[in-house]
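Side chains are part of it too, since the values below use all heavy atoms of this structure and drop only hydrogens, waters and symmetry mates.
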Amino acid sequence: MKKRKILSLVMTMILVLGLVIGIQDVAKAADNLICVDGSYLTDEESSEATVGAMSRGVYLKSGSSTITKAGTGKIAAGGNTVGQKSVSKITVVVTVQQYKNGSWYNYTTWSATNYNSSYVSTSKTLSVPTGYYYRVGCTHYANSDVSDSYTNGIYI
């Protein structure tokens, strides 16, 4: 019986130690990331951002922006807006930005609008110059409510 208790205690200590080391590794990795205008520059395959709860209003329920690597020199980008209920006009404006010389610059923009609806979504696959970080920012409109969301930058 004592062997089981000792083995259980040792296993618990190993598990706790592993968790502490893992948390420290994540914190170190986060410290190495560069943040520019609220977006981290990453080597991830994709990034998604969602409108926070504090940004919502009477008509706007949520919204999101997405960017994904879609092959050599290609990205898939888009966004959506969700209303609290059916609204007279719901829109998402998608802006792809390129990180260059220490700043984000607009690369391309498009939008989608639905009327008497609670949802709108749009996406495109784009060819982009390689060797840069790209992010997607969306502006979400539901009647008079408006909010923004920005992904992290991914390296293409």
Side-chain angles (χ1 to χ4, degrees), residues 15 18-156:
L15 178 63
L19 287 172
V20 168
I21 291 170
I23 290 170
Q24 288 175 344
D25 288 344
V26 168
K28 286 179 188 175
D31 287 343
N32 293 333
L33 294 176
I34 297 169
C35 186
V36 180
D37 291 338
S39 295
Y40 288 98
L41 305 180
T42 73
D43 291 326
E44 299 294 323
E45 293 293 312
S46 64
S47 179
E48 182 173 0
T50 303
V51 170
M54 298 302 292
S55 300
R56 299 181 306 179
V58 174
Y59 304 106
L60 180 63
K61 182 175 183 179
S62 66
S64 65
S65 305
T66 59
I67 186 169
T68 303
K69 292 180 183 179
T72 305
K74 292 187 178 190
I75 59 170
N80 67 61
T81 303
V82 181
Q84 295 279 12
K85 57 185 177 181
S86 184
V87 294
S88 58
K89 184 177 179 182
I90 191 164
T91 301
V92 61
V93 178
V94 180
T95 302
V96 176
Q97 295 183 318
Q98 180 187 67
Y99 182 70
K100 195 175 191 180
N101 300 323
S103 297
W104 291 107
Y105 294 95
N106 290 352
Y107 183 78
T108 189
T109 300
W110 72 93
S111 66
T113 300
N114 282 338
Y115 298 92
N116 300 314
S117 178
S118 61
Y119 183 78
V120 65
S121 177
T122 182
S123 63
K124 291 184 179 183
T125 299
L126 306 167
S127 294
V128 296
T130 59
Y132 297 96
Y133 288 93
Y134 293 88
R135 75 175 180 178
V136 170
C138 288
T139 305
H140 310 278
Y141 299 91
N143 285 350
S144 58
D145 290 345
V146 60
S147 189
D148 296 313
S149 62
Y150 288 90
T151 67
N152 286 327
I154 62 173
Y155 189 76
I156 304 299

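Taking OG1 of Thr109 as the reference point, atom CD of Gln97 lies at 8.0 Å (rounded to 0.5 Å). Separating the CD1 atom in Ile67 from the CD1 atom in Ile156 is a distance of 6.0 Å, to the nearest 0.5 Å. Interatomic distance, OH of Tyr134 versus CH2 of Trp104, reported as 10.0 Å (0.5 Å rounding). Atoms OG and NE2, from Ser65 and His140 in turn, are 4.5 Å apart once rounded to the nearest 0.5 Å. Within the model, atoms CG of Leu33 and OG of Ser39 stand 12.0 Å from one another, a figure rounded to the nearest 0.5 Å. Rounded to the nearest 0.5 Å, atoms OH (Tyr132) and CD (Gln98) are 5.5 Å apart.
Smallest separation of non-hydrogen atoms from Thr113 and Val120: N-CG2, 3.9 Å. Across Gly79 and Cys138, no two heavy atoms sit closer than the pair CA-SG, 3.8 Å. The nearest pair of heavy atoms linking Ile90 to Val82 is CD1-C, 3.9 Å. Between Ala70 and Thr125, the closest heavy-atom pair is CB-CG2, 4.3 Å. Contact detail for Ser121 and Ala112: the closest heavy-atom pair is O-CB, 4.2 Å.
For the side-chain contact (heavy atoms from CB on, under 4.5 Å) with Thr81, the qualifying choice from Thr139, Val93, Thr91, Leu60 is Leu60, the only one to do so. Only one option out of Val36, Thr42, Asp37, Ile154 pairs with Arg135 in a side-chain contact (heavy atoms from CB on, under 4.5 Å); it is Asp37.
Side chain of Ser47 to backbone of Asn152: a donor-acceptor contact under 3.5 angstrom is found. At least one donor-acceptor pair closer than 3.5 Å links the side chain of Asp145 to the backbone N or O of Val58. In this structure, the side chain of Asn143 engages the main chain of Lys89 through a donor-acceptor pair within 3.5 Å. Thr151 contributes a side-chain N or O that, together with a main-chain N or O of Val136, makes up a donor-acceptor pair within less than 3.5 Å. Side-chain atoms of Lys69 come within 3.5 Å of backbone N or O of Tyr155 as a donor-acceptor pair.
Between Gln84 and Tyr59, the side chains place no donor N or O within less than 3.5 Å of an acceptor N or O (distance only, hydrogens not considered). Counting only N and O atoms by type, the side chains of Ser64 and Asn80 include a donor and acceptor under 3.5 Å apart.
In this structure, the side chains of Trp110 and Val92 stay at 4.5 Å or more apart for every pair of heavy atoms.
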